Structures are given as C-alpha cells and as structure tokens.
Amino acid sequence: MSVKKKRKSTADEVNVKKCRISSYCRTQTASRIINEDLFSSKKCLAWFYEYAGPDEIVGPEAMEKFCEDIGVEPENIIMLVLAWKLEAENMGFFTKEEWLKGMTSIQCDCTEKLQGKFDYLRAQLNDNTAFKDIYRYAFDFARDKVQRSLDLDTAKTMLALLLGRTWPLFSVFYQYLEQSKYRVMNKDQWYNVLEFSRTVNADLSNYDEDGAWPVLLDEFVEWYKHRPSL
C-alpha cells in the first residue's frame, strides 16, 4: 500500500501564513489598545467614589484631595470645570450626575486621562471665541439657580478667576465694585464687562460715553476718573 507523503509547503505559502499570523497579531494588539483607551462609565464612577462621601457628593475637603491628585491648585479647578462646561449646582461640589456628565464630555475616567486633557482645556481658555462661551457659561454656573442675577461677592470671585490675570484694569474695577451700591450683577452687565475689558483701553482713552454700555460701567468710568490719586 502506498504511503501518502505530506506535501511540503512552498515558500510562497509559508510567507502567506506568516502574513496572516502577523496581521492577526497586529489586529489583536490594536484592538486591546483601543479597548484600553475607551471611556468607561463604570470606571469613571469608581473614580468618583474615591472622593465622594456617604451622601454621594464630592465636598470641599474631598475636592482639595482631588485637586492635589490631579496636580491643580484648588482655585484653578473652577477654570477647568468651566472649560468643560460642567453644570454644577454649587461651586466646589460635585454630585455623581455632575461628575459623570462632565467627565463623559471629555472622555476621562481616571486621573491620567484628565491630566492628559489639561493642554486642551487650557487652550479653550486661551482661545477668544471659546473663552467668550466659557465666560458666559460661568454666569449660570455660579449663580444661585433660584435667582436671575449673580450676587456681587460671587461675581467678584468669578471675575477674579476669569479676568484677574488678563485685564489691566481688573484690580481697579474690583475696588469699584467693593464700594459700589450694587449687590448683584445681572446677565447683561456680566456680558458687557468682558466686552469692556476687551475693547476699552486701560487709560479709557477710547471709551465712548454715548456707547450702549450698562450704567454700572458708565459709573465705573466716572468713579475711575474722579478717584483720589494714590
């Protein structure tokens, strides 16, 4: 009885087989990398509970720990929150829903991913168009949701964060607000403060008295011009 000999693979067949194996390995490796990089709501919530208390809220003390872990000064975390437009009910607090919504919007479920987004978030703050949206969003973010206006103390705090480092007249405007009759700032006033800071020279040389500025800014200009010299 004749014995059937095993056919030897040709060089071309060997190469084809190698290619198939290599292709399969690359596909599996790429798949693992993609899967590892995908956002996970479950992982994000586990991250949230590292900081949340029994009431499922990340409070001030936990927020300080969170800032320390991600390497951001506590006073700057609000800027990052504004940059990703997290609809927080209270400054300095996160509920589970707010955390998940904010982190999902930037696809971050761990400290490392959030740190990797810092350049992007800072770029949003440095882009004039994006910053305008962020600035306007800050009004609703910071106000008491049962009020239509922003109480003045909160307004001063937010203005310091948003404009304190970039507007040459900010320190003088802050002094004006402190001694003014105003106790709240409405949305129109808030929006116009940004426009004023961007278009009016530090010496007020191009200020148009007949312009459509809110009375608050007209009064600031008058106060600035007549304030005692230091």
Side-chain angles (χ1 to χ4, degrees), residues 37-39 44 47 58 63 66-94 97-143 145 149-150 152 154-174 177 185-208 211-214 216-217 220:
D37 197 48
L38 288 176
F39 174 80
C44 186
W47 185 30
V58 178
M63 184 63 72
F66 173 67
C67 291
E68 180 182 335
D69 289 347
I70 65 175
V72 173
E73 294 296 325
E75 62 268 23
N76 291 332
I77 189 63
I78 294 176
M79 293 295 280
L80 294 177
V81 169
L82 291 173
W84 79 63
K85 296 186 179 180
L86 176 61
E87 294 180 1
E89 292 295 327
N90 300 287
M91 287 194 297
F93 293 83
F94 282 119
E97 291 74 18
E98 291 161 358
W99 177 286
L100 190 58
K101 181 175 181 178
M103 296 304 178
T104 301
S105 70
I106 54 174
Q107 295 289 284
C108 292
D109 53 21
C110 64
T111 299
E112 292 74 20
K113 284 186 181 179
L114 181 56
Q115 290 172 328
K117 290 285 186 177
F118 285 173
D119 287 344
Y120 163 76
L121 294 172
R122 290 190 180 105
Q124 295 293 299
L125 296 171
N126 293 328
D127 178 85
N128 283 342
T129 301
F131 181 81
K132 184 176 181 178
D133 290 339
I134 291 167
Y135 178 90
R136 291 189 167 198
Y137 167 76
F139 182 87
D140 290 323
F141 170 85
R143 70 179 171 84
K145 298 304 180 285
S149 298
L150 195 60
L152 197 63
T154 302
K156 290 187 295 185
T157 299
M158 295 302 293
L159 287 172
L161 285 169
L162 292 160
L163 301 178
R165 298 178 182 176
T166 58
W167 184 22
L169 279 178
F170 172 75
S171 61
V172 183
F173 184 68
Y174 190 95
L177 290 178
M185 186 176 290
N186 64 39
K187 184 173 287 190
D188 181 63
Q189 292 167 336
W190 177 265
Y191 286 2
N192 273 279
V193 168
L194 176 62
E195 189 65 21
F196 186 97
S197 72
R198 286 182 166 182
T199 59
V200 177
N201 296 337
D203 61 0
L204 305 180
S205 58
N206 64 335
Y207 179 77
D208 182 4
W213 297 109
L216 177 145
L217 290 170
F220 163 64

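Computed from a prediction, not measured in an experiment: that's the story for all the values here. What's counted below: heavy atoms across the whole structure, side chains too, no hydrogens, waters or symmetry copies. Count residues from 1 along the sequence.
In this structure the side chain of Thr154 never reaches within 4.5 angstrom of the side chain of Met185, judged on heavy atoms. Taking the side chain as every heavy atom from C-beta outward, Leu162 and Leu194 never approach each other to under 4.5 Å. By the 4.5 Å heavy-atom criterion applied to side chains, Cys44 and Phe39 are counted as neighbours. Counting heavy atoms from C-beta outward, Ile106 and Lys113 have side chains that stay 4.5 Å or more apart. Contact of the Trp190 side chain with the Arg143 side chain is not registered, since no non-hydrogen atoms from C-beta on lie closer than 4.5 Å. Residues Leu177 and Phe220 form no side-chain contact, since every pair of their non-hydrogen atoms from C-beta on lies 4.5 Å or further apart.
A donor-acceptor pair is defined here as one N or O able to donate and one able to accept, closer than 3.5 Å; such a pair exists between the side chain of Ser105 and the backbone of Gly102. Panel note: side chain Asn192, backbone Asp188; a donor-acceptor pair is recorded below 3.5 Å. Between the Asp203 side chain and the Ser205 main chain, a donor and an acceptor come within less than 3.5 Å of each other. For Tyr207 (side chain) and Phe196 (main-chain N/O), no donor-acceptor pair under 3.5 Å exists by modelled atom type.
Heavy-atom contacts from other residues, nucleotides or ligands closer than 6.0 Å to CZ of Phe118 number more than 12.
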Next item on the list: Apply side-chain contact (heavy atoms from CB on, under 4.5 Å) to Leu114 and Trp47, showing your working.
Entry: CA-CA 12 Å; Leu114 181 56; Trp47 185 30; 3.9 Å; yes

Margin query: For a side-chain contact (heavy atoms from CB on, under 4.5 Å) check, start with the C-alpha distance between Thr104 and Lys101, then their side-chain angles and the critical distance, and finish with the verdict.
Written below: CA-CA 5 Å; Thr104 301; Lys101 181 175 181 178; 5.9 Å; no

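Rounded to the nearest 0.5 angstrom, Leu152 CG and Gln189 CD are separated by 9.5 Å. Note that CD of Glu73 and CD of Glu68 are 10.0 Å apart. Values are rounded to the nearest 0.5 Å. Remark: Phe139 CZ to Ser149 OG distance equals 5.5 Å, nearest 0.5 Å. To the nearest 0.5 angstrom, Trp167 atom CH2 is 5.0 Å from Phe173 atom CZ. Atoms OH and CG, from Tyr174 and Leu159 in turn, are 9.5 Å apart once rounded to the nearest 0.5 Å. Rounded to the nearest 0.5 Å, atoms CZ (Arg198) and OH (Tyr135) are 9.5 Å apart.
Counting all heavy atoms, side chain and backbone alike, Phe141 lies closest to Met158 at CD2-CE, 4.3 Å.
Residues satisfying the side-chain contact (heavy atoms from CB on, under 4.5 Å) criterion with Thr199, sequence neighbours excluded, are Glu195, Trp213.
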